[in-house]
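Quick notes on the structure that follows.
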2 protein chains.
Amino acid sequence: MIRILIVDDHPLFAEGIKSIFNMEEDIEVVRHIINGKAVPDFLQHNEIDLILMDIDMPVIDGIETMRMLNQQGFDIPILMLTMHQSLRKVRAALEEGAQGYILKDASKAELLEAVRTTSARKNYFHRKINDHIFNYFRGKNSTSAKADQLSEREKQVVRCISEGLNTRSIAKELYISEHTVKTHRRNIMHKLKVKTSAELIKLAYEKGVI
Amino acid sequence: MIRILIVDDHPLFAEGIKSIFNMEEDIEVVRHIINGKAVPDFLQHNEIDLILMDIDMPVIDGIETMRMLNQQGFDIPILMLTMHQSLRKVRAALEEGAQGYILKDASKAELLEAVRTTSARKNYFHRKINDHIFNYFRGKNSTSAKADQLSEREKQVVRCISEGLNTRSIAKELYISEHTVKTHRRNIMHKLKVKTSAELIKLAYEKGVI
DNA sequence: TCATCAATACCCCTTTTGGGGTATTAGAGG
DNA sequence: CCTCTAATACCCCAAAAGGGGTATTGATGA
């Protein structure tokens, strides 16, 4: 019997997954937790064979949660779930020792396969992701690799820009110098290949950055 | 018995929802379709009480699919599903006659309530987006009426700005002088009470201008 | 230990934006 | 016929954004 802990901030999605697992003889969903912070406490009082965790969560995200679990010495295979195929997230998850990685647009069969594979401590990586990883290692020295996503700080700057703040106000808001804000803005624009702040905000909206 | 057709490009999510419905006595998922294009053909051979459709789909999106169904004379209540709370999408869905709108991070109970409400041809709007709709309609009839509505020409300018075009390029694009573009931009910003183009684009997205 | 990278900060400079005016013309509507 | 507005166009000028550098620090990975 594979005992699973689901960590996901989307109740509907989690409920759905739970229902899928309920129809399987060998899988049991022990608990569904919304917030990553509550995971260590739960693990100390429960025997779990696999953690199925969403990467994108509001309070602390999946990567952070994994880091926390690693630091506290927990050794439970983790299958990461996500909507996005961001290479950066995949890399971060791998670096933190994720046992597998699956997209939310996977099929039911793929999910079950991923769960059974990772709970046996074997790696499972969704086909769509494999291409990304391959491309990453292949093109490690090219310039396209780093043009991936924005750092947390950069996202903060994007949000400030979208609020209509100018460089000076952003500097005050984030307690950094105007020069730094300018540098961040420039780096962001280079990464996202846009020429104006307006275009940046449009892209950010469409890509879900903000 | 509520007979449901699910139109969603995320198999896992759809499977989950299906499982939830399977546990309900009065709800039956007749089919899950990945691509909106296949919906009319399916409806011609099946009796359906409610369509549960994702807004964001790759080939043709939920709004387009609704438009198609309306043109072909189908009259089946539609409950729209989405990850995002974009007012633009909500408005578009309402204009095409959607019976309801629910976010993918809703709870199981909310989903079931939404399904039962909309299948009875009553409107259901998720709490989180009610505020958006309220604000939109409130602004429409208030004293700031003119400050809300942009002229067609002004909307064109907004769209150009969002594409990252500068004043010169917009002037060329619209076959008017740069001075005129500046005047339009200034008037737009006055009307919407924003200070930067970036803020303008953010507002435009949220208010559904573009 | 060394290489990288994110975050920070500063220099140079040109181009664009934003804010204040004014004015003409063509249409829509009383 | 007259008014009101959208769209057009121009003036001036200060402020901000954008684009090119370089450099230091601290954390982290190989």
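So that the names make sense, note that chain A is the first sequence line, chain B the second, and so on, each numbered from 1.
Heavy atoms of other residues, nucleotides or ligands lying less than 6.0 angstrom from CZ of A:R168 number 12 at most. Dense packing is recorded around CZ of A:R3, with more than 12 heavy atoms of other residues, nucleotides or ligands lying under 6.0 Å away.
Classification of A:K37 and A:E64 as a salt-bridged pair fails, no side-chain N sitting under 4.0 Å from a carboxylate O.
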Identify each atom pair where a protein N or O and an N or O of nucleotides 11-16 of chain D are less than 3.5 Å apart, giving names and distance.
unit_1	atom_1	unit_2	atom_2	d
D:dA16	OP2	A:R168	NH2	3.2

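Once rounded to the nearest 0.5 Å, the distance linking CD1 of A:I48 with CD1 of A:I2 reads 12.0 Å.
Rounded to whole angstrom, the span from the CD1 atom of A:I201 across to the P atom of D:dA17 amounts to 12 Å. For the pair A:E154 CD and C:dT8 P, the interatomic distance rounds to 10 Å; values are reported in whole Å. Here the P atom of nucleotide C:dA6 and the NE2 atom of A:H184 are 11 Å apart, to the nearest Å. Across the protein-nucleic acid pair, B:I161 atom CD1 and C:dT17 atom C1' stand 10 Å apart, rounded to whole Å. Rounded to a whole Å, the CD1 atom of A:I188 is 13 Å from the C1' atom of D:dG18. Computed from coordinates, the B:E199 CD to C:dG18 C1' distance equals 13 Å when rounded to whole Å. Atom CZ of B:R153 and atom C1' of D:dT8 are 9 Å apart (whole Å). Regarding B:R185, its CZ atom lies at a distance of 13 Å from the P atom of D:dA17, rounded to whole Å.
Residues satisfying the side-chain contact (heavy atoms from CB on, under 4.5 Å) criterion with A:T183, sequence neighbours excluded, are A:R186, A:N187.
In this structure, A:S197 reaches the D:dG18 phosphate: one of its side-chain N or O atoms is under 4.0 Å from OP1 or OP2. Considering only side-chain N and O atoms, A:H190 lies under 4.0 angstrom from the phosphate OP1 or OP2 of D:dG20.
Not a single donor-acceptor pair under 3.5 Å links the side chain of A:H184 to the backbone N or O of A:V157. With B:S19 contributing its side chain and B:E15 its backbone, the two residues share a donor-acceptor pair below 3.5 Å.
Taking the ring centroids of B:Y124 and B:Y101, they lie at or beyond the 6.0 Å cut-off.
The stretch residues 169-178 of chain A touches DNA chain C through A:I176, A:S177, each having a heavy atom within less than 4.0 Å of the strand.
A heavy-atom distance below 4.5 Å is not found between the side chains of A:L43 and A:Q72.
Comparing C:dA9, D:dA7, D:dG18 by their closest approach to the side chain of A:T183 singles out C:dA9.
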